[in-house]
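Working notes, beginning with the structure itself.
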Amino acid sequence: MRTSQFHLVTRKETPQDAEIISHQLMIRAGMIRKLGAGLYTWSPLGYRVLRKVEQIIREEMNASGALEMLMPAVQPKELWQETGRIEDFGGQLLAMTDRAEREYFFGPTHEEVITEFVRDEVTSYKQLPINFYQIQTKFRDEIRPRFGVMRSREFIMKDAYSFHLSAESLEETYRLMETTYTTILARMGLHFRCVLADSGAIGGSGSQEFHVLADSGEDAIMYSDSGEYAANIEKCEAVSLIADRAVPTAELSEVATPGKKTIEDVAEFLKIDQKQMVKTLLVAGIDGPVALVVRGDHHLSEVKAAHLPEVATPLCFLEEQEVRKLVGCDVGSIGVKDLNCPIIVDLTVANMSDFVCGANKEGHHLTGVNWQRDAEFTQQVDIREAQEGDPSPDGKGTLKQARGIEVGHIFQLGDKYSKAMNAVVLNDKGQAQALQMGCYGMGVSRLVAAAIEQNHDDNGIIWPAALAPFQVALLPMNYQKSVQVKKTTDELYQKLTDIGVDVILDDRKVRPGFMLSDFELLGIPHQVIIGDRSLDEGHVEYRHRKKMDKQKIEHAKIADFLQQQLSL
RNA sequence: CGGGGUAUAGCGCAGCCUGGUAGCGCAACUGCUUUGGGAGCAGUGGGUCGGGAGUUCGAAUCUCUCUACCCCGACCA
């Protein structure tokens, strides 16, 4: 490709509305342009990268035995009524109506569509297991789209759905997808981590997420510093930090803590460690309010809390007035003694003794509180967020925290959808049996942003070899005037093109500095600078976008040299 | 959906307070010079000042209203 035949529109200035580096660089390099909130046009340049991502995914999915297909993006509402997921997805569903007032959703995911397809198409256990996938545009009406294509409303996703007769077979394909995802991300040259995850609105039993590691990631992931354990913080098991409950040594007493409402304030006022305190949070339950108690220095995991059968979903904290009505004080003085509602405590809290909590009396706290003697809890369960320094749940090492961008999520759905939609096959005894199902998503457009987030410097993008829009850039100095430069460049261009190298020749009439910094921004991995100055000495210059130091290569050997670099 | 903000040329912004011929930088286009690190000079084109209504002799500017977008929060594969 020659730049004169291509469409390159780069910008020197960072766009005002782009917050994170990948968004800024994608706009500056001219890969994407915004059409509306969470809606982006992919330019020919950006689309090249998107296609590379797609192609790697496609090749590896095919290699795993999955079958590519294509489903409609527009889905009849009735389909969603069958599984009752309209409420689960809520406002994220983009609804529309046709001329006959029939209602549709623009597909945010395709469990219903594939299950509908499979229940008619797959009737015998002999057709199993089978794994279908597609690469397609989805729409999720995010409350707040942001960060460019990182969290857009319309986006491209690879979604795969597998069907099985048994849970064992599902498990097998699930593991196969885990290794396939690992291969895909490794081929893209990304640093990533597979972690245990919460399955959210998709549902099912087990699920794992694949995170590309980057400080700008929206998710926190916890991992053991010396074991295999890794989990999204939402899912990360938080073990009890106190092995056995000590016998009470302190007397129960009430102290005045005027105006001290936060754990921090009270701990400072009483000159005690926050670890000696407990935090009592009142939330709406299925049947009246429920108290959730975590240690003073811990955070409630809202995801874990929302999963408790006693707690209403979505999680909803009681309003100031409701609290006052129930316990007769403000939020800052709630405690566990004589609290008139079920009390669910975190595992660590259950083993605490001589602790401090609110007195359920405005401006007062209780010290020397002990379970059994002074208060009772209803149940103990893991409801706090794990934090750095906690022992790893698998007993090996301690937990560390990192930020990640979720680019893939695999689920073992079991029979959730097949039961709801009556998707059955006949087994070898001729009996109808509900299908076991797995689903495997990968954010194609998000991966492009994630790759940049992880691979850039002050001058622009540094594409991993597998994702670069072009492998080689030929950068002639004074191409328009110098016969020698033009001839050398054209010959090299022809040679590389002939052997199938993805090469771009910058034949624009621009000054050298402009050209060089443009290609730094674009991040083309291999760059060859061709100018009279070096040609007169019989060589051209080569630089790799990552290392940036210029290497003199004998003119006659550059094609071979490049081939060698490309195969590394 | 709650809170905060913005809307003027392709991009970044000034002008608004105090109403009176719509400007600057970058980008684009033409010409000349320059050609190994985002060039210089000269010139050109491009705007119903987000939409609507009102006040006024006169509105980018004041008032009302609608819309879009951005940020924070809750939500989230």
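Computed from a prediction, not measured in an experiment: that's the story for all the values here. Numbers restart at 1 for each chain; the letters A, B, ... are given by sequence-line order, proteins then strands.
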Centroid under 5.5 Å and tilt under 30°, A:F155 to B:A77:
yes
Do A:V331 and A:F317 come within less than 4.5 Å of each other through their side chains, counting heavy atoms only?
no
Residues A:Y161 and A:Y440: closest non-hydrogen pair is N-CD1, 4.4 Å
If I take atom CD in residue A:E142 and atom P in nucleotide B:A77, what distance separates them, rounded to the nearest angstrom?
9 Å
Considering only the C1' atoms, how many Å lie between B:C17 and B:C62, rounded to the nearest integer?
11 Å
Please state the P separation for the pair B:C29 and B:A22 - nearest whole angstrom.
28 Å
Using the P atom as the reference point in each nucleotide, state the distance between B:C11 and B:U48 in Å, no decimals.
13 Å
Quickly work out the A:Y181 OH to B:A77 P distance and round it to whole Å.
15 Å
Would you mind building the protein contact string for nucleotides 35-43 of chain B? One character per nucleotide, 5' to 3', B for base within reach (heavy atoms under 4.0 Å), S for sugar-phosphate only, - for untouched.
BBBBB----
Distances for protein N or O near nucleotides 68-74 of chain B N or O, under 3.5 Å:
| residue | atom | partner | partner atom | Å |
| --- | --- | --- | --- | --- |
| B:C69 | OP1 | A:A37 | N | 3.1 |
| B:C69 | O3' | A:K34 | NZ | 3.2 |
| B:C72 | OP2 | A:R144 | NH1 | 2.7 |
| B:C72 | OP2 | A:R144 | NH2 | 2.3 |

Distance, rounded to the nearest Å, where A:Q24 contributes CD and B:C11 contributes C1':
14 Å
For the P atoms, the ones on B:U67 and on B:G52, what distance do you get once it is rounded to whole angstrom?
15 Å
Test item: A:E178 and A:F210 side chains (from C-beta on) under 4.5 Å apart, heavy atoms:
yes
Over how many whole Å does the gap from A:R508 atom CZ to B:A27 atom P extend?
13 Å
Should B:C1 form a Watson-Crick or G-U wobble pair with both distances under 3.5 Å, which nucleotide is its partner?
B:G73
Looking only at atom C1', what distance separates B:G12 and B:C64, rounded to whole Å?
31 Å
Verify whether one side chain among A:H409 and A:S207 offers a donor that lies under 3.5 Å from an acceptor in the other.
yes
So what's B:U30 paired with, Watson-Crick or G-U wobble, going by both distances under 3.5 Å?
B:A42
Which of A:R144, A:R403, A:R146, A:R446 passes salt bridge (charged side-chain N to carboxylate O under 4.0 Å, His left out) with A:E218? Answer is A:R146
Answer yes when A:K546 and A:D457 have at least one side-chain N-carboxylate O distance shorter than 4.0 Å, and no when they do not.
no
Inter-nucleotide P distance (B:U63, B:U6), Å rounded
13 Å
The Watson-Crick or G-U wobble partner of B:U55, with both key distances under 3.5 Å, is none
With no hydrogens and no angle check, is any side-chain donor or acceptor of A:D141 less than 3.5 Å from a backbone partner on A:L93?
no
note: A:H7, atom NE2; B:G10, atom P; distance rounded to Å ~ 15 Å
So do the side chains of A:L79 and A:M421 get within less than 4.5 Å of each other, counting heavy atoms only?
yes
Side chains of A:E60 and A:T183, donor plus acceptor under 3.5 Å:
no
Taking atom P in both B:U56 and B:C71, what distance in whole Å separates the two?
41 Å
Check whether A:Y493 forms a cation-pi arrangement with A:R2 (NZ or CZ under 6.0 Å from the six-membered ring centre, at most 45° off the ring normal).
yes
Measure from CZ on A:F89 to C1' on B:C75 and round the result to the nearest Å.
13 Å
Which whole number of Å gives the distance between the P atom of B:C66 and that of B:G20?
28 Å
For atom CE of A:M442 and atom C1' of B:A77, their distance in whole Å
13 Å
Establish, from distance only, whether the side-chain atoms of A:D532 and A:Q484 form a donor-acceptor pair under 3.5 Å.
yes
Rounded to whole angstroms, how far apart are CD on A:E406 and C1' on B:C76?
9 Å
Under a 3.5 Å limit on both distances, the Watson-Crick or wobble mate of B:G25 is B:C11
Would you mind pulling out the nucleotide paired to B:U6, Watson-Crick or G-U wobble, both distances under 3.5 Å?
B:A68
